[in-house]
Amino acid sequence: MEYRYQDIEKKWQAFWKQNKSFAVQNGGDKPKFYVLDMFPYPSGAGLHVGHPLGYIASDIYARYKRLKGYNVLHPMGFDAFGLPAEQYAIQTGQHPSVSTNINTDRYVSQLNKIGFSFDWDRTFKTTEPDYYKWTQWIFLELFNSWYNKETDKAEALDTLISKFEEGGSSAAEGDGSFEGSFNANEWNGFSEVEKEEIIQNYRLAFRSLGTVNWCPELGTVLANDEIKEGLSERGGFPVVKKKMWGWSMRVSAYADRLLKGLEELDWSPALKEQQKNWIGKSRGAKVFFDIQDHEGVSIEVFTTRPDTIFGVTFMTLAPESELLDSIVADEYKSKVQAYVEVAKNRSERERQTEVKNISGVFTGAYAKHPLTGNPIPIWVGDYVLGSYGTGAVMAVPGHDGRDFAFARHFRIPVVQVISKDGSEEAVLEAAMEEKGGVLINSDFLNGQKVKQATKTILSKLYDKGIGEARTNFRLRDAAFSRQRYWGEPIPVYYENGIAKAMDVSSLPLELPAVDQYKPTETGEPPLARSKDWFVDGNPIETSTMPGWAGSSWYLFRYMDAQNNEAFASKEALKYWQNVDLYIGGSEHATGHLIYSRFWTKFLYDRGHLFVEEPFKKLVNQGMILGRSNFVYRVKDSNTFVSFNLRDQYDTVPMHVDVNIVKDDVLDQAAFKAWREDLSDAEFVLEDGAYHCGSEVEKMSKSKFNVVNPDVIVEEYGADTLRMYEMFLGPIDQSKPWSTSGISGVYNFLKKFWRLFHNDEIFSISEEAPTADELKVLHKTIKKAEEDVEAFSFNTSVSNFMVCVNDLQKLKCNKRAILEDLIVIISPYAPHICEELWEKLGNEDGVLEAEYPKFNPAYLVESLHKYPVSFNGKMRFTIELPIDMSKDEIEAAVMEHEKTTQYLNGGSPKKVIVVPKRIVNFVI
RNA sequence: GCCCAGGUGGCGGAACUGGUAGACGCGCUGGAUUCAAAAUCCAGUUCUUUCGGGAGUGCGGGUUCGAUUCCCGCCCUGGGUACCA
C-alpha cells in the first residue's frame with residue numbers, strides 16, 4: 001500500500017481538531033510543562049520555510065514531554081500591532097485590523113497544515129480589546145507604583161506619599177529622578193500640581209523629555225531602521241533630532257535585579273553575555289570638577305578609573321551637554337556651535353562606528369583639577385555620548401585608548417600615572433589600560449598598587465566632598481510612547497495639564513475611529529484626529545504603546561486566556577508558574593527579553609505573579625537562509641547564458657525565482673512564462689540544459705528565493721517538512737535551505753511505512769522479537785531520548801534512519817518492535833505515526849501512548865572491536881572479549897599476524913592499551 | 001574597535017569525558033528489476049598514488065603514545081553592539 005501523505009495528514013488534522021486533542025486543562029495529577037514559541041508578528045507575506053523551524057522544534061519537545069507523562073501547555077497567538085499594518089492602512093485608508101485579521105488567518109491556516117499541537121482555545125491577538133485591556137491595566141499599575149530602594153522592590157504610590165506626609169523627601173529612598181528636598185510640612189502644603197510634579201519623578205511609568213528622530217516632511221517620528229544615511233527610508237526626507245515629551249518606563253530601577261536574575265536562568269552563555277553587556281554595570285566614582293571663572297558651576301563626571309585622576313590632562317563634554325551654553329568662551333562660540341550642530345544630528349550608530357575619525361573642538365574654558373588645582377582644558381567631542389553616564393569625561397590619555405587617540409590628534413599632553421615596575425616610560429606609545437601596576441606622578445598615591453590606590457582616592461574624594469564611589473548602569477529607561485495609530489491607547493487623560501489615570505472600570509480604552517491613519521497636519525499623532533478623544537472634556541493621551549508592551553506579558557495570558565476578571569486567575573498563574581522552554585531568535589536578546597523580564601519582576605513585586613522570571617530555559621534557533629539562483633543575461637539582450645559559459649560573454653547576473661529551478665537547472669518554459677518581458681528569452685545551453693548560479697542570502701521576496709512551506713507540504717507532506725527542517729543541521733545554527741535534499745527524508749518515511757507492509761498489504765507479525773531486533777530498538781530509544789533532551793534534533797532524525805535501515809535489513813515487521821518505534825518517531829512525524837498506530841489496532845491515538853522505557857540489558861556486548869594503531873595511525877581492527885585485561889589484550893594483539901607485519905621485525909618502544917577503546921604501538 | 005558563534009568531502013552535516021575522521025542524507029558512478037519509465041533494491045564515492053603507501057578537519061606553532069576535540073598566535077565568515085569613560 002502506498003504512503004499517501006495527503007490523505008493521512010488531512011485525516012489526522014481533522015481528527016485532532018474534532019477531538020480537541022491539544023486542549024489542555026489547568027491542573028490535574030500530571031506535572032506541568034510549558035513550551036512557548038516567541039510571539040510571531042503576522043506579516044503580509046505569510047510564512048516562509050524559515051519561520052516554522054523553531055515551532056517544529058518546540059512542537060517535537062512538547063509532544064515528547066506529553067508522551068513522557070507531562071501536562072503540556074503549548075499555545076500560539078499573535079503580536080499583531082505594528083508598523084507594516086499601519087503603513088498599509090495609511091496607503092489604502094482601510095482600518096489596520098482588516099489586513100491584520102487576513103494575515104493572522106493565513107498564518108493560522110499555514111501553521112495548521114504543518115500539524116502543530118497548539119491549543120487554539122487559548123489563542124489571542126494583542127490587538128483584541130479583551131487582551132489589551134490587561135496591557136492597559138498593567139500600564140496603570142506601573143503608573144501607580146514607585147521603586148522603593150530600601151525594600152528593593154516596586155510598591156504602590158500610597159507608601160511613598162505616606163512617607164512624604166510623615167517625613168518629607170528624606171523619608172523615602174526611591175529610584176527616580178527627583179532632585180531637591182522638602183519636609184513633611186512643606187509637602188502637606190503643596191498644591192495638587194506641585195505634588196504631582198514631584199511624584200512624577202518616582203512613577204515607574206512616567207512622562208519624560210526624550211530625543212527622537214523627527215521627520216518634518218512626514219510629520220512623524222522615525223525608528224533608527226527607518227532612517228538610511230540621515231534621510232527617511234520612505235521618501236528620502238531629512239531627519240532631525242528633536243526633544244519631545246512622551247511616556248517612559250523606569251526599567252533602570254530594575255537594572256541590578258535583571259543582572260542578578262540571569263544567574264538562575266538556563267540560557268546560552270552568549271545570550272546572557274549580551275544581556276549583561278546591555279545592562280552594563282560598571283563600578284567607579286563620580287567626581288566634580290569646578291569650572292574656572294564660573295562660580296558655582298561644576299562638571300560631574302563618572303569614571304571607572306578614579307585611581308588615574310592625577311593623569312587627567314583635559315575633559316571632554318558630549319555635544320548634547322547643556323553646560324556648553326554657559327561655559328564656552330566668546331571667541332570660541334561660533335566654532336563650538338558649528339561643531340555641535342553637526343555632531344548632535346549624527347546618529348549614535350555613526351558616532352560609534354567611525355572610530356578612526358577623531359573630531360572635537362576646544363571650548364576655551366578650563367576646569368580646575370580637584371586635587372592639584374591645575375587648569376584643565378575643556379573640549380567637546382562626539383566620542384562622548386550624552387546618553388551615557390553624565391555626558392562628560394575626565395580624560396586620562398595615558399590609560400584610556402580613546403582619550404589617548406584624542407590627545408594625540410590634538411597634541412594634548414599625556415601623563416603616565418601607572419607603571420608596571422614603578423619607572424616611567426620615556427614615551428607612551430599607547431594607552432596602558434590594564435588594571436594593574438604601581439602609581440607614579442600621583443602625589444599621595446605614589447607607590448600604591450592600583451587596587452589600593454582606588455580605595456585611597458575614593459575615601460579622599462569623599463572626605464573632601466568632591467566625589468564618591470558610584471555604580472553606573474548603561475541600561476536606559478525605555479521610551480514607551482509611539483506617535484502611531486496601530487498600538488494600545490495609553491489610558492491616561494490630562495486635567496489642567498496633569499496626567500491622570502483613567503478608571504480601571506473604563507478599560508479597555510478602545511482605539512477610536514479616525515478618518516485617516518497618518519499624523520495630523522500639525523504633526524500630532526493620528527489619535528488626535530478623533531473628535532471624541534476626551535474624558536469629561538479633558539483630552540486623552542494621543543500617543544500609543546510600543547510593540548513590546550503587548551509582548552512583555554503574553555506568556556501569562558495563555559494560562560487563562562478567557563479570563564475577564566484578571567489578566568489570569570491566581571490558580572492558573574500558580575499552576576503554570578512560568579515558561580519551562582522558550583524557543584526563538586537571538587535578535588530579541590536586548591529588547592523583548594529585557595522588557596518581559598522587567599514586567600515580570602514588576603508584577604511579581606506587586607503581588608500579581610508567583611515567579612520573578614518569565615522564561616526558565618531558552619533555546620535560540622538559527623536563521624534559515626535562502627539559496628538564491630541566478631541566470632546570466634547578455635548585456636542589452638534577452639539572451640541568457642548557462643553558468644559555466646557566462647564568462648565567454650558580457651553578462652549581468654539576475655536573480656531568478658528558485659521555484660522554477662530544480663537542482664540548479666532552469667525550467668526554460670517556466671522562465672519564459674515567469675515575466676512578460678522574458679517570453680522571448682533565448683538560451684545558450686551547456687549539455688542541453690541551462691545551469692544556474694547560486695548564492696546563500698537572507699530569504700526575501702526581492703531575491704526570489706523564498707520557499708513557502710505550503711508548497712513543500714503539498715509536494716512531500718507535513719511530516720517530511722518537519723523532519724527535513726530538523727535534519728538540516730543544529731537548531732541554533734543558521735543554515736541555507738535547499739529543497740533538493742528533502743527526498744532523503746521523504747524516502748525515509750516511505751521506508752518506515754513499508755516496514756508495516758508486504759507489497760500492497762498491511763502485514764504485521766506477532767512473534768517475539770530477537771535479540772538483534774531488540775538491540776536495534778533500544779539503541780534507538782536511548783539515542784532519541786538523549787538527543788531530544790539536548791535539542792539535537794538533526795542527529796535524532798539520522799538515528800531514526802539508521803534504525804529503519806537496520807530493521808529493514810533484519811526484515812523485521814514485529815509489533816513488539818514497531819509499536820515502540822512509532823511512539824518515539826511520533827513527535828517528529830505525528831501524522832504517519834497516528835495512521836500506523838491506528839492500523840495496529842490501537843483505539844486511543846498515539847498522543848495518549850507512553851514513551852517506551854530504555855532497557856540497557858539489550859545493549860550488553862561481549863566483544864569489542866579494537867582499532868590497532870601504529871604511531872597513531874589506525875592500521876587494522878581486532879575483536880576481543882570485552883572483559884579482557886590490559887595484558888591479555890596486548891598479548892592477543894601481539895599475536896596477530898598484521899602486528900608482526902607492521903612491527904617489521906623490530907619490537908615496539910611502548911604499547912598503549914586502553915580497555916574498551918584502543919591499542920596503540922609506538923615504534 | 002569590542003563581544004559572541006562558527007570554519008570538517010561536490011553539498012547539508014556526524015564524531016561520547018583527547019581514542020577507528022567523514023555517521024546519516026543529498027548528489028554522483030556502476031549494477032539489478034522493467035518493453036520502457038517511475039518506484040525500489042545492491043555496490044561504490046575525502047584527496048592523491050608507481051596500489052606498497054602518502055596527505056588530510058581554515059592557517060602556523062605547541063602539549064600528548066594519540067588532537068576536529070586542549071593551549072598560544074593568526075586568517076576568514078556570520079550575528080550582536082555601546083568610541084560606555
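In the text below, chain A, chain B and the rest are named by the order of the sequence lines, each starting its count at 1. Note that the structure is predicted; figures quoted are calculated from it, not measured.
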| message | When you measure only distances, ignoring hydrogens and angles, does the side chain of A:Arg917 come within 3.5 Å of the base of B:U17 through a donor and an acceptor? | response | yes
| request: Using atom CZ of A:Arg305 as one end and atom P of B:A85 as the other, report the distance to the nearest whole Å. | output: 11 Å
| said: In terms of relative ring orientation, are A:Tyr828 and A:Phe800 parallel, tilted or perpendicular, with 30° and 60° separating the classes? | reply: perpendicular
| message | Taking the ring centre of each residue, are A:Phe406 and A:Tyr383 less than 6.0 Å apart? | response | yes
| remark: With sugar-phosphate taken as primed atoms, P, OP1 and OP2 and all else as base, the protein-contact string of nucleotides 37-50 of chain B at under 4.0 Å (heavy atoms; B, S, -) is --SSS---------
| So, A:Ser798 versus A:Thr795: side-chain donor-acceptor pair below 3.5 Å or not? | no
| remark: When rounded to whole Å, the CG to C1' distance for the pair A:Asn871 and B:U20 reads 16 Å
| query | Whole-Å distance between B:G19 C1' and A:Phe876 CZ? | reply | 16 Å
| field | Pair A:Asn805, A:Lys751: side-chain N/O donor-acceptor within cut-off below 3.5 Å | value | yes
| task | Between A:Thr390 and A:Asn805, just flag the one whose closest nucleotide in RNA chain B comes earlier from the 5' side. | result | A:Asn805
| request: Tell me the partner of B:G44, counting only Watson-Crick (N1-N3 plus N6-O4 or O6-N4) or G-U wobble (N1-O2 and O6-N3) with both under 3.5 Å; none if nothing fits. | output: B:C28
| said: Please compare A:Met801 and A:Ile918 by the position of their nearest nucleotide in RNA chain B and report the one closer to 5'. | reply: A:Ile918
| What about the rings of A:Tyr724 and A:Tyr716, do their centers lie closer together than 6.0 Å? | no
| query | Parallel under 30°, tilted from 30 to 60°, perpendicular over 60°: which one fits the rings of A:His369 and A:Phe310? | reply | parallel
| Does A:His896 have its ring centroid less than 6.0 Å away from the ring centroid of A:Phe876? | yes
| request: Assign A:Val393 to base, sugar-phosphate, or nothing according to its heavy-atom contacts below 4.0 angstrom with the strands shown. | output: base
| said: Please classify the nucleic acid contact of A:Val914 as base, sugar-phosphate, or nothing, using heavy-atom distances under 4.0 Å. | reply: base
| request: Would you mind reading off the distance between A:Asp806 atom CG and B:A23 atom P, rounded to a whole angstrom? | output: 15 Å
| request: Provide the distance between the two P atoms, one in B:A23 and one in B:C16, to the nearest whole Å. | output: 15 Å
| remark: Assigned chi class of B:G12 under the 90° convention is anti
| Paired nucleotide for B:C51 [Watson-Crick or G-U wobble; both distances under 3.5 Å] | none
| query | Where the side chain of A:Thr304 is defined as all heavy atoms beyond and including C-beta, which of B:A85, B:A55, B:C65 is the nearest nucleotide? | reply | B:A85
| request: For A:Val911, report the nucleic acid contact type (base, sugar-phosphate, nothing); a contact means any heavy atom under 4.0 Å. | output: nothing
| message | For the aromatic rings, using the six-membered ring if either is Trp, is the centroid distance between A:Trp278 and A:Phe473 under 6.0 Å? | response | no
| query | Nearest to the side chain of A:Val802, which nucleotide is it out of B:A85, B:C26, B:C24? | reply | B:C24
| said: Need one value for A:Ser282: base, sugar-phosphate or nothing, where a base atom within 4.0 Å counts as base even if backbone is also close, heavy atoms only. | reply: sugar-phosphate
| remark: As its Watson-Crick or G-U partner within any shown strand, both distances under 3.5 Å, B:U77 has B:A5
| Does A:Glu861 come within less than 4.0 Å of A:Lys775, counting only side-chain N to carboxylate O? | yes
| query | Is B:G9 in the syn range, within 90° of 0, or in the anti range? | reply | syn
| A:Thr877 versus A:Tyr866, side-chain donor and acceptor atoms under 3.5 Å | no
| query | Given that both distances must come in under 3.5 Å, which nucleotide forms a Watson-Crick or G-U wobble pair with B:C70? | reply | B:G62
| task | Please determine if A:Arg754 and A:Glu2 form a salt bridge, counting it only when a charged side-chain N lies under 4.0 Å from a carboxylate O. | result | no
| A:Ile624 has an atom CD1; how far is it from atom P of B:G79, in whole Å? | 16 Å
| Pair assignment for B:C35, Watson-Crick or G-U wobble, requiring both distances under 3.5 Å | none
| note | Per-nucleotide protein contact along nucleotides 3-15 of chain B, 5' to 3', at a 4.0 Å heavy-atom cut-off (B base, S sugar-phosphate only, - neither), is SS-------BSS-
